[in-house]
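Notes follow once the structure below has been shown.
In what follows, chains carry the letters A, B, and so on, assigned in the order in which the sequence lines appear, proteins first and then strands, with residues in each chain numbered from 1. FYI, side chains are in, hydrogens and waters are out, and symmetry mates aren't considered; it's all heavy atoms of this structure.
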Amino acid sequence: MLDIKLLRNDIDAVAKQLAKRNFTLDAALFQALEDKRKTLQTATQELQNERNTRSKSIGQAKAKGEDIQPLLAEVADLGDKLKAAEEDLSTLQAQIDDIVMGIPNLLDDSVPEGKSEDDNVEVSQWGTPPIFDFEVKDHVDLGSPNGLMDFESASKLTGSRFVVMRAGMARMHRALIQFMLDTHINEHGYTEVYVPYMVNEESLFGTGQLPKFAEDLYKIQSGDKEADKSEQSYYLIPTAEVPVTNLVRDEIVDANSLPIQYTAHTPCFRSEAGSYGRDTRGLIRQHQFEKVELLHFVKPENSEQALENLVTHAETILQKLELAYRKVILCAGDTGFSASKTYDLEVWLPAQDTYREISSCSNMKDFQARRMQARFRNPETKKPELLHTLNGSGLAVGRTLVAIIENYQCEDGSIRVPRVLQPYMGGMEILK
RNA sequence: GGAGAAGUGGCCGAGAGGCCGAAGGCGCUCCCCUGCUAAGGGAGUACAUGGUUUAUCCCGUGUCGAGGGUUCGAAUCCCUCCUUCUCCGCCA
């Protein structure tokens, strides 16, 4: 959520900024609604003030034992007028809130212009893509023959975009999670957190998935209960960003505890509505996948550096796994709704002969914090101020598995186990 | 799943229709006194938001778990939901 004052005072500049990300802000409509709001709110508050003062005088008169009937008569129609005014105001306010909640974050000045992912700018490369003297297979062909990776069974159990893994494959998948968590905890100073995989609506509003992206989420319907509107419903988390970031929702954290760095392993659930036909083969785009997430809560002046650190932490994993990758900065048109600036890490996939996203690291600045009222007390001004929140994948586990399988493949179809993972797999060196 | 109790500022806690944005305590900030393993005195100290502009000041509005309702007036009464605790049942 953007600062409402910024929208009131300088909406044209905001609209211009947002145009960079292909977002059209109807400044005239907002302005008109705002003007109405101002008069309506002032009028409503005047009525409330009148009610309050009159009620108070009734109380005082009663305490003195005076006759309050004439006073009651005076306020007879005040209630109805006030009620009407309050209803008009809340309707109008809801309209304004809808608009404001649907406005994406302002982009950092360093974000390059561009319309789509084709305009993202490469920042750096690490490692060299391996050269094979045989025809490379993709991870599906490598994993399927021995049932290590089994998409047919998964579609029987559930449907498309799920997987069953067996034996060494399942173990390597688990090893990756442990390896990532251990690295972030031991070398990068993160605190591990375990969080619910289902969250309420408020949490999803806090991080920005709602109200705009409801179709990407799975909503839980509990058992035999008919959808009862009065009861709160839960959603499966699309990323650990949601539960972990919401830890600071409605909190005023001690400035001394900053920066806070959390890491969490969770499954992620995405409906992938709107991506029909994309990446239908293999593990790349699943309804359920594991991710190790990195989150920072920092003072505003430190968030720029925190993003650089966070990306480095994610890069460390790829480097230890000796996987070639490149780092890109997302252009204006490709940067996500809540993000001010995003780096993607893209790992080399031999079978696709290209780099594919494996991590996305973003500085949300105060966008999520404002929605969540996540604050810290500034020791100098003694006033609460909004935190800056950041998050990034460190890394997406399924896609990392894909990268290992394809980059470490041998001519006979077996897969070498990366050195750093071997201790996590009982010393196993070859996966077949 | 059944029965009961409770949710008040950074924390603890009083308050039971009007004199309550809320006693008292702890903590914190500032000042004074004193002078040495410390103690005493005084003052201040919720958040959001509108007028209202970077900000200050002032005036208002809202907020006592959340949302509705009753009333001239609700922290206080009623309803729904959420959460916590106690007892019983069940359970990885």
Side-chain angles (χ1 to χ4, degrees), chain A residues 1-11 13-14 33-94 96-97 100 194 196-206 220 222-235 243 246-258 300 366 369-387:
Chain A
M1 193 165 90
L2 297 182
D3 188 349
I4 190 82
K5 283 182 185 151
L6 191 63
L7 289 168
R8 284 177 192 151
N9 300 335
D10 213 356
I11 190 153
V14 173
L33 290 173
E34 253 304 305
D35 289 345
K36 259 204 247 173
R37 188 224 98 229
K38 201 167 180 174
T39 45
L40 200 49
Q41 180 166 358
T42 311
T44 306
Q45 291 188 349
E46 267 168 27
L47 284 171
Q48 286 170 328
N49 186 11
E50 191 180 343
R51 177 201 61 195
N52 290 347
T53 44
R54 284 187 184 272
S55 293
K56 200 164 262 181
S57 62
I58 290 173
Q60 285 162 354
K62 205 175 174 186
K64 286 183 212 151
E66 295 169 7
D67 180 17
I68 59 169
Q69 277 311 319
L71 291 171
L72 284 180
E74 281 176 33
V75 294
D77 64 334
L78 192 61
D80 291 339
K81 272 203 293 196
L82 182 58
K83 199 165 188 173
E86 281 174 344
E87 271 168 20
D88 289 350
L89 181 62
S90 78
T91 310
L92 183 63
Q93 194 61 56
I96 293 172
D97 288 348
V100 173
Y194 172 83
Y197 302 156
M198 297 186 242
V199 292
N200 56 33
E201 286 195 353
E202 272 188 289
S203 293
L204 289 157
F205 271 98
I220 313 280
S222 73
D224 51 350
K225 280 182 195 161
E226 288 295 312
D228 184 349
K229 292 242 167 56
S230 64
E231 270 185 59
Q232 183 165 304
S233 50
Y234 297 146
Y235 295 78
N246 274 279
L247 284 172
V248 287
R249 165 152 58 86
D250 294 324
E251 300 286 337
I252 300 175
V253 303
D254 188 343
N256 293 323
S257 66
L258 298 175
D366 61 9
R370 185 172 294 106
R371 289 177 163 232
M372 293 191 296
Q373 286 300 306
R375 294 165 294 170
F376 70 102
R377 196 173 292 280
N378 186 325
E380 281 158 31
T381 63
K382 289 169 193 155
K383 294 282 177 198
E385 291 179 21
L386 294 172
L387 288 167

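- No side-chain donor-acceptor contact under 3.5 Å links A/Arg249 to the backbone of A/Ala374.
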Report the secondary structure of RNA chain B in dot-bracket form, marking unpaired bases with a dot and bases paired to a different strand with |, and treating Watson-Crick or G-U pairs with both distances under 3.5 Å as paired. ((((((((.[[[..)..(.....]]]((((((.......))))))((((((......)))))).[[[[[..)....]]]]])))))))....

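- A 4.5 Å side-chain heavy-atom check between A/Asn246 and A/Val199 finds every atom pair outside the cut-off.
- Taking only side-chain atoms of A/Lys56, from C-beta outward, the nucleotide of B/rC72, B/rC19, B/rU49 with the closest atom is B/rC19.
- Each of A/Ile58 and A/Glu50 lies near RNA chain B, and the nucleotide nearest A/Glu50 is the one positioned closer to the 5' end.
- Looking at the side chain of A/Lys83, the nearest of the listed nucleotides B/rG18, B/rU49, B/rU70 is B/rU70.
- Spacing between atom CG of A/Leu82 and atom P of B/rC72 amounts to 13 Å, rounded to whole angstrom units.
- Comparing B/rG68 with B/rC57, their C1' atoms are spaced 38 Å from each other, to the whole Å.
- With distances taken from any side-chain atom of A/Tyr234 to the nucleotides B/rG51, B/rG73, B/rU83, the minimum falls on B/rU83.
- One can place CD1 of A/Ile4 at 11 Å from P of B/rG51, the figure rounded to the nearest angstrom.
- Between the side chain of A/Asn9 and the backbone N or O of A/Lys5 there is at least one donor-acceptor pair closer than 3.5 Å.
- Relative to the side chain of A/Arg37, the nucleotides B/rG51, B/rU53, B/rC72 differ in distance, and B/rG51 lies closest.
- In this structure, of B/rU53, B/rA48, B/rU61, it is B/rA48 that holds the atom nearest to the side chain of A/Arg375.
- Taking atom P in both B/rG73 and B/rG13, the straight-line distance is 33 Å, to the nearest Å.
- Following rounding to the nearest Å, A/Glu87 (CD) and B/rG68 (C1') show an atom-to-atom distance of 12 Å.
- B/rA92 sits 36 Å from B/rU8 when the P atoms are compared, rounded to a whole Å.
- Comparing the C1' positions of B/rA46 and B/rA3 gives a spacing of 38 Å, expressed to the nearest Å.
- Closest contact between the side chain of A/Val75 and the listed nucleotides B/rU83, B/rA55, B/rC72 involves B/rC72.
- Distance, A/Asp3 CG to B/rU54 P: 11 Å, rounded to whole Å.
- Taking atom C1' on both nucleotides, B/rG18 is separated from B/rU71 by 12 Å, rounded to a whole Å.
- Side chain of A/Ser55 to main chain of A/Asn52: no donor-acceptor pair is present (N/O by atom type, distance under 3.5 Å, no hydrogens or angles).
- Comparing the C1' positions of B/rG67 and B/rA74 gives an interatomic distance of 15 Å, to the nearest angstrom.
- Salt bridge status for A/Lys38 with A/Glu34: absent, with no side-chain N to carboxylate O gap under 4.0 Å.
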One pair to check against side-chain hydrogen bond (donor to acceptor under 3.5 Å, both in side chains): A/Ser203 and A/Asn200. What are the steps and the verdict? CA-CA 6 Å; A/Ser203 293; A/Asn200 56 33; 3.2 Å; yes

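- Remark on RNA chain B: of its neighbouring residues A/Lys62 and A/Glu86, the 5'-side contact belongs to A/Lys62, judged by nearest-heavy-atom nucleotide.
- Atom CD in A/Glu202 sits roughly 11 Å away from atom C1' in B/rG67 (whole-Å rounding).
- The side chain of A/Arg51 contributes no N or O atom lying less than 4.0 Å from OP1 or OP2 of B/rU61.
- At the phosphate of B/rU61, OP1 or OP2 sits under 4.0 Å from a side-chain N or O atom of A/Asn49.
- When rounded to the nearest whole Å, the span between CG of A/Asn200 and C1' of B/rC82 equals 9 Å.
- Distance noted for atom C1' between B/rG69 and B/rU76: 15 Å (whole Å).
- The separation between A/Leu40 atom CG and B/rU61 atom P is 17 Å, rounded to whole Å.
- Of all heavy-atom pairs between A/Arg37 and A/Leu89, the closest is O-CD1, 4.3 Å.
- Of the charged side-chain nitrogens involved, none lies within less than 4.0 Å of a carboxylate oxygen, so that A/Glu251 and A/Arg375 do not count as a salt-bridged pair.
- Atoms CG (A/Leu89) and P (B/rU49) sit 15 Å apart, rounded to a whole Å.
- Picking from B/rG60, B/rA48, B/rA55 the nucleotide with the shortest atom distance to the side chain of A/Lys5 gives B/rA55.
- Checking the phosphate oxygens (OP1, OP2) of B/rU61, a side-chain nitrogen or oxygen of A/Asn52 falls inside 4.0 Å.
- Between B/rA48 and B/rG9, the distance separating the two C1' atoms is 14 Å to the nearest Å.
- Residues satisfying the side chain to side chain contact (heavy atoms under 4.5 Å, CB included) test with A/Leu33, not counting sequence neighbours, are A/Leu29, A/Leu92, A/Gln95, A/Ile96, A/Ile99.
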